[in-house]
J.: 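Dropping the structure in here first, questions after.
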Protein chains: 6
Amino acid sequence: MLYVTRREVFSASHRLHNPKLDDNENRSIYGKCNNQYGHGHNYILEVVIAGETDPKTGYLIDIKCLKEIILRNVIDKVDHKHLNYEVDFLKGIIPTTENLAVAIWKELKDKITSGRLFSVKLYETENNYVEYKGE
Amino acid sequence: MLYVTRREVFSASHRLHNPKLDDNENRSIYGKCNNQYGHGHNYILEVVIAGETDPKTGYLIDIKCLKEIILRNVIDKVDHKHLNYEVDFLKGIIPTTENLAVAIWKELKDKITSGRLFSVKLYETENNYVEYKGE
Amino acid sequence: MLYVTRREVFSASHRLHNPKLDDNENRSIYGKCNNQYGHGHNYILEVVIAGETDPKTGYLIDIKCLKEIILRNVIDKVDHKHLNYEVDFLKGIIPTTENLAVAIWKELKDKITSGRLFSVKLYETENNYVEYKGE
Amino acid sequence: MLYVTRREVFSASHRLHNPKLDDNENRSIYGKCNNQYGHGHNYILEVVIAGETDPKTGYLIDIKCLKEIILRNVIDKVDHKHLNYEVDFLKGIIPTTENLAVAIWKELKDKITSGRLFSVKLYETENNYVEYKGE
Amino acid sequence: MLYVTRREVFSASHRLHNPKLDDNENRSIYGKCNNQYGHGHNYILEVVIAGETDPKTGYLIDIKCLKEIILRNVIDKVDHKHLNYEVDFLKGIIPTTENLAVAIWKELKDKITSGRLFSVKLYETENNYVEYKGE
Amino acid sequence: MLYVTRREVFSASHRLHNPKLDDNENRSIYGKCNNQYGHGHNYILEVVIAGETDPKTGYLIDIKCLKEIILRNVIDKVDHKHLNYEVDFLKGIIPTTENLAVAIWKELKDKITSGRLFSVKLYETENNYVEYKGE
C-alpha cells in the first residue's frame, strides 16, 4: 500500500457565522472570525491517494492527472472566492476548516481515477490544520 | 549598522477594484482579484529596523517592544478584517500588496522607539511579495 | 472522524545526562548533547485532537481554546526554561525528544475539553522529530 | 509506541522511461519527465522508526546512528547521481517517486538497529510526495 | 521605490564540467558534482522588479504578467531539462548556480514590461543560493 | 557583482544578562530571557559572500570550501554549547542576536578565501533575525 500526496494552494475569504443563532451568540462563539465583512486565508490543501503501483508506469496515479482533478473539482471553485456566498458545494455550510475539509472530501471522493481517496488535509494557517479520512 | 527583523502574520480579505474605473475595466485589470465578494490571504509582514546596538543591553531594539509596536499599529487593525472597508489607515487605497506595504510603512515610520524603520516586506502568498524602503 | 492540529513553538535548553551512569558512559551515549552547560532548541509542538464536529459551531474544538490549553499546560512551563532543572512535570526525566513527547502527552491528556488527544508531535530540529499516540 | 523521524536531503537526476514500451507510449505516459537527458530534483527523505524507548538512554534509537544508517545505505548511493544508471539497488526500476520509496524501504528494512522501520516518506518537490509503510 | 518579487520553481539536471580542463582537474574542482551522468535539483527562482506604483492600478507590475514573462522566457526552457545540453541560452556555459543566475538575468533584462529588473535570486538547495543584480 | 549564500544551523543555549547591572535591572530589561539556567534556540546562520565569478570554474567561491570555513570557524565552536560560558570568541559579550551576528562576522571576515564577506544573517527564531554587513 502506497500513499501519494499532492499539495495545492488557494486564497479565499470566509466568515464564521451560524444563521440559526443570534448575533450575540455568534460573536461569543466565533469572536473576530464573526466579523461581518469576512477575512481571508491562503489555504494549503493536501490530497492523499492510497493504492498500488501500476507496474507498467511505476505510478499509483499520474500526478498530472491528480493535479487536474484537484484543480477542476476544488481549486477552480474556491480560489479567489468568498466561501460563504460563491461556492456551490459549500452552500449551507459554516466554513470552518473542519467543514471545509469534509466538503472537499465529498467533492473529490468519486473523481479519483486510480487508487482511492485516503485523506484530505487543509491548513488554514501554518499553525492550524484539519485532516479528514472519511467516515 | 545592524538590521533587526520581526515577522508577524495576519489574515484578511480584500478586493482589487478602482472605483474610478467602470466594471469592465476593473475586470480586465484585476481578473479574478476583482471578484465582488473579495478573497483573502494569510499575509506575512516583516519589519526591518536599522541602527546601532546599545552596549548596555546588547539590543538595537527590544524585540518585545518592536512586536508590541507592530501589533498595536498594524496587526490589531488589519487581522481578521476586510481591507477595503474596515481599516482606517487604508481608506481610499486600492489594497494591492504594493499599496499595503507603503501604507504600513507610513503607520510605523514615526512609532519606532529605537533605531529607524528601514523596510517593510509584505508577502501576499509564498510566491509574491513586495518590499518598500521609503521614498 | 476528524483530526485538528495546533502548532506552537517554544525555546528551551536541555542536557542529555543519566545521573545513574558515570561520566564516561554518559559521554559515550550522548556525545556533545551531554555537554555540562546544556544547549538549546526552538522546539515545535504539534498537538492533534480527534473527534466529531459539533453541528452548531462547525468546530471539533475551538482552536482558541485548544491554544489556551496548550499554552497554560505546556508552553508557559517550558518556554525560555532549562528542561533539566526548571519544569515540574519533567522532574526525574532525561529530556530526550522521546521522553519530552510522552511527558507532554501526559500533561495534556485530561485537559482536552472537546474530542480526545490523538497525538503529540515534537520537532527538536527541522531534521528530527518524535510522535507519540499514547499507550 | 513512539515514532522517531529523521530527515535527509539528496540531489539526483532521473528519467521516467519504461524500456518495454516504445517511444510514443513513453512520451504519452511521462510527458516532459520522459525527456531523454533526464532532469533532477532535491529529494527530501523522511525515515520513521517505531518502537519503545530504552529507559537507560531515553532514546528509541540514537538519532546519530539512524542518520549514519540512512547515509550509508541510501544517501551515499543516490546523492549527486543519475538514478537510472548509477545506483545498484535501483537497477531495472523505473525511478518514479513510488518505486523509489519502495526501493529505499527495502534497502533500510533490515539495517535498523533499534525499533523497526515504520515508514519511508519521499518528497520529489514541495508539492508531491509518497509514503510507503511496507506490505 | 518599491520592489516586487515573484517566486517560481523548476526541476533540472546538470553536470559541473569545464571542457577546457582534463578529467582529473574537473574531478578535483567539482568533486561529485562532476559525475558524468549529471544530477539534479529543484531550483527556486526569485525575480525582483524595482519601480514606482501606477496610481490607476496600484500595481508596480501585474504579477500575472510578471509570472508569464518568467514562464515564457525561463521556466519553459529549463524545467525538466538537462542544463548542459538542452537550453539555448546556456550554450557554452558551465551551469554553476552563479552562471545560471547571470544567464537568467540576461534572458529577463529586456523583457520586463513595467519597472526594471532589480535582481535574480536562484536557490540550488535550501542551503545554497546566489543573487545577481547586474553589472 | 554576485552574492553567494550558505545556510548552516546550530543549536545552543544562552542567558541574556549584563553582569554590570543588578538582578532587578537585568530582569526588567531581559524578562524571561534572563532566566538563570538559560534557554536555547536552533539558530540559522546565513553567510553571504560578494565577488566575481572565476571564469575557469564558474564559481565565486566553492560552496564546499565556504561550508568548511563556516563549520570550522563558527559552527564547531557554538553547536551544542552554552554561548555565555563555552565559546572563546564570545567571552565578555552579552549573547543577544545582535552581538552574536557581529561576533560571527569578526570570526569569518579574514577567513574567506575567495570574494569578501558581505553579510551575516542570524535567525534566533523564525520570527526574529538580525543582519550585519560590517562597519
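What you see below is based on every heavy atom in this structure, not just the backbone, and it leaves out hydrogens, waters and symmetry mates. Numbered from 1 within each chain, the chains take letters A, B, ... in sequence-line order.
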J.: Give, as side chain, backbone, both or neither, the part of B:K56 having an atom under 4.5 angstrom from any heavy atom of chain F.
T.: both
J.: Kindly confirm or rule out a cation-pi arrangement of F:K106 over F:F89, judged by NZ or CZ under 6.0 Å from the six-membered ring centre and within 45° of its axis?
T.: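 The answer is no, since F:K106 fails at least one limit relative to F:F89.
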J.: Side chain from CB out, backbone as N, CA, C, O: work out which of these in F:N18 comes under 4.5 Å of a heavy atom of chain B, or both, or neither.
T.: side chain
J.: If I take atom CZ from residue B:F118 and atom OH from residue B:Y132, how far apart are they, to the nearest 0.5 angstrom?
T.: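 Separation between the atoms: 13.0 Å.
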J.: Under 4.5 Å, counting heavy-atom pairs only, tell me which of F:T96, F:N127, F:I29 racks up the most with chain B.
T.: F:N127
J.: By a 4.5 Å heavy-atom criterion (distance strictly below it), what part of B:I61 contacts chain F: side chain, backbone, both, or neither?
T.: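 When you check distances to chain F, only backbone atoms of B:I61 fall under 4.5 Å.
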J.: Could you look at F:I94 and say if it's the side chain, the backbone, both or neither that has a heavy atom under 4.5 Å from chain B?
T.: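 Just its side chain gets close to chain B.
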J.: Are the side chain of F:R15 and the backbone N or O of F:N34 linked by a donor-acceptor pair below 3.5 Å?
T.: yes
J.: Any chance NZ of F:K20 has more than 12 other-residue heavy atoms, nucleotides or ligands included, within less than 6.0 Å?
T.: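 No, the 6.0 Å shell around NZ holds no more than 12 heavy atoms from other groups.
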J.: Heavy-atom cut-off 4.5 Å, strictly under: side chain, backbone, both or neither for F:E124 against chain B?
T.: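 For F:E124, no heavy atom lies under 4.5 Å from chain B.
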J.: Given a strict heavy-atom distance threshold of 4.5 Å, which part of B:L60 is in contact with chain F: side chain, backbone, both, or neither?
T.: both
J.: Main chain of B:P95, side chain of B:N99: is a donor-acceptor contact present, judged purely on distance under 3.5 Å?
T.: no
J.: Of B:R6, B:E46, B:R7, which meets side-chain hydrogen bond (donor to acceptor under 3.5 Å, both in side chains) against F:Y129?
T.: B:E46
J.: For the CZ atom of F:F10 and the CD1 atom of F:I44, what is their distance to the nearest 0.5 Å?
T.: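 Atom-to-atom, F:F10:CZ and F:I44:CD1 are 10.0 Å apart.
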J.: So what's closer than 4.5 Å to chain B heavy atoms on F:I93: side chain, backbone, both or neither?
T.: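 No part of it gets close to chain B.
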J.: Between atom NE2 of F:H14 and atom SG of F:C33, what is the distance when rounded to the nearest 0.5 Å?
T.: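 Between atom NE2 of F:H14 and atom SG of F:C33 there are 6.0 Å.
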J.: Chain B heavy atoms under 4.5 Å from F:Y123: which part of the residue, side chain, backbone, both or neither?
T.: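 Neither; nothing under 4.5 Å.
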J.: Is chain B contacted by the side chain of F:L16, its backbone, both, or neither, given a heavy-atom distance below 4.5 Å?
T.: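 Contact with chain B is through the side chain of F:L16 alone.
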J.: Measuring heavy-atom distances to chain F, does B:E8 have an atom under 4.5 Å in its side chain, in its backbone, in both, or in neither?
T.: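 Contact with chain F involves no heavy atom of B:E8 at all.
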J.: Tell me, for B:T53 versus chain F, whether the close heavy atoms (under 4.5 Å) come from the side chain, the backbone, both or neither.
T.: side chain
